[in-house]
Amino acid sequence: MKRNKEEIHRRIVELRRAIEDHNRRYYVLNKPVISDFEFDILLNDLIALEKQYPEFSSSDSPSNRVGSDLSDEDRSFVKVKHKYPMYSLSNTYDLQELRAFIKKILDLFPSTPVGFVSELKFDGTAISLTYKGGKLIRALTRGDGITGEDVLRNVKNITSIPGHIDSRSLPDEFEVRGEIYMPYSVFEQLNLEREESGENLFANPRNAAAGSLKLLDSGKANSRGLECVVYQLVSDQRISDSHFETLQILKNAGFPVSEYNKICSSDDEVVDFLNYWDNARKNLPFATDGAVIKVDTLDLQERLGFTAKSPKWATAYKFRAEQAVTKLLSVDFQVGRTGAITPVANLEPVFLSGTTIKRASLHNADQIALLGICYNDYVVLEKGGEIIPKIVDVDVKRRDSGEAVAIKFPERCPDCGTRLEREDSEARHFCPNSSGCPTQIKARFVHFCSRKAMNILAGDAYIDQFFNSGLIKELPDLYKIDLNALLELDGWKERSALRFLQSLSDSKKSPFAKVLFALGIRYVGETTAKNLARHFGSIEKLASASLEELSNVPEVGSILAKSISEYFASENNMRMIEEFRNIGLNFADVADNSLNVSNKLEGFVIVVSGNFSKSREFIKELISTNGGKCGSSVSKNTTYLLAGEKSGPAKLKEAEKLGIPVIDENELYKLIE
Ligand code: IVH
């Protein structure tokens, strides 16, 4: 039977409410009332209905908010204290230093034979898996080493991690630590899909693994082909005296253990291992950024102990970035949204660190001059943590000196022909024609519509079409587009037009921080926009802030402060903001609005402790205007302990003892949003 639209809409709203509620119970209260499996059924039902009836889709839907466009702060996983802290490793790039590390340990134990285990250092994200009675019960990220986030829901989907272990050789309760990583093939495919759907690309497999692991939508995490390798057992009981043997036992019990671990009995053997893998890693199907060298005997590990940050019985030897040589074919001078000109080299395709490279950034005129680079040169590429690899050198010996033509930076904008400018403090050239340069204007629209900004369904192609047909000149023009105008354009059908208009109307609900990011103020990225929105609370306060006040915001330096202040000094920009305000965009943080009366905190007793971005009085008023009560001390009647900076250790301890969830300021705002 075909359901009517009203019924479907009601079901969608019902599902959204139910999912929100279960999310809160699971992530905030830590008291889920349904299984993960049941939760996934609800979420999948919602996704299917929204897909079938796009007219009801909404950027507010939990199906959207679980997507990868969320930044870390927006995601909520339950925070859990590690039973044993998760340390990091000291590291070196230098073989001499590594030999010294080994010698120091050998000298400490002159009469004991010391073995070392050399392992590959998988480049992913650390995980600590807790098993009890053979069952995987927790999967904590490293977090700050003391407290991690429980990502069990997603980890359960990683096929190489056993959900159950049936082994008598293991203690009843233990933790195994390892690395979750994404093989190159999965990474490439994922980025290809993201490019097609207009999403931001992951810079490297490590970011992709960490991002995927923290997706709230477990279905998506599942489809991302994550892998795991286990490199340590942490338990009150030992299962062997040797680390190497411990890993063997874990392997036999069904854990994924690296096949590349090697016992080494001298520093020469360790160095052989490192030299071999520095080259051979190019053929591995996953990324490694080095090797880890560990003392094998667990007794000796215990005697060596830890510094504040890392074990003294292990260190990492980091490989230098891989390089490749290829031919420079041509250079594009790209105009960005803020008018900055970036030279990008087109290259003869070459394989480097698991991916094929066709383009590389040349950064700016200084970099070009520094490299002394000519057309047709053979260039040395290096891949750091960024998406676009760097050209670090030119192989001058292979240059045909008779024909060498140096790359010249253009004097005029390649798009609008305006003479380029360069401020003394800037390494980059800029096209100053911000209101007339078509590339800049279009790029501002694309940025405004992007998922992390207003999330309007319009990419490069739509913006090109709107711009070329004269529909849009300034950002607010977007909201003047109507159905008739769209249907007059090539290729638009009613269905796609309605979808676009729905996303346009949904975008008006975007919070202040996203609107601020969408405006495209130079240097104001997503995080800065969030910090500014939270700090000032409204566009009026932000626009009238002095340079000094701006510099008080986390991560805002003098260049950024100057850019913000210049933006708001422009009459044009202020007029545009006024126009946006009339359209209905949000220019104030929800938390700044003390009239935001609701009963969302009804029945909640919240104890407030520590310092926050707003005054404590403000926070308390916010709680009471939303129906909650403020308690003075933590007791069994407390719903949450709201802990800010420097919150009282006694209160935290009491909350931990009584199992009262501790939330931060962001989580409070989320509760009343
Ligand atoms: S042992 C006490 N072994 O490298 C620390 N770590 O800072 C014990 N990693 O994020 C770590 N492969 O997750 C160890 N074979 C390996 C590793 C490995 C990758 C990661 C680890 C951590 C980082 C070290």
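We count ligands from 1, going down the list as the structure has it; atoms in each ligand are counted the same way.
Between Tyr260 and Phe122, the two ring planes are tilted [angle within 30° to 60°].
Using a cutoff of 4.0 Å between basic side-chain nitrogens and carboxylate oxygens, Asp299 and Arg303 are not scored as salt-bridged.
Considering only heavy atoms from C-beta on, Asn275 comes within 4.5 Å of Leu95 through its side chain.
The two residues Leu247 and Glu119 come nearest to each other via the heavy atoms CD1-OE2, 3.7 Å.
The environment of CZ in Phe109 is crowded: more than 12 heavy-atom neighbours from other residues, nucleotides or ligands sit within 6.0 Å.
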I'd like a table of the close N/O pairs between ligand 1 and the protein (anything under 3.5 Å), one pair per line with both atom names and the distance.
| from | atom 1 | to | atom 2 | distance (Å) |
| --- | --- | --- | --- | --- |
| ligand 1 | 3 (N) | Lys294 | NZ | 3.0 |
| ligand 1 | 4 (O) | Lys121 | NZ | 3.3 |
| ligand 1 | 7 (O) | Leu89 | N | 3.1 |
| ligand 1 | 12 (N) | Phe122 | N | 3.1 |
| ligand 1 | 13 (O) | Glu179 | OE1 | 2.2 |
| ligand 1 | 13 (O) | Tyr231 | OH | 2.6 |
| ligand 1 | 15 (N) | Glu119 | OE1 | 2.8 |
| ligand 1 | 15 (N) | Leu120 | O | 3.1 |

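Between the side chain of His243 and the backbone N or O of Leu233 there is no donor-acceptor pair closer than 3.5 Å.
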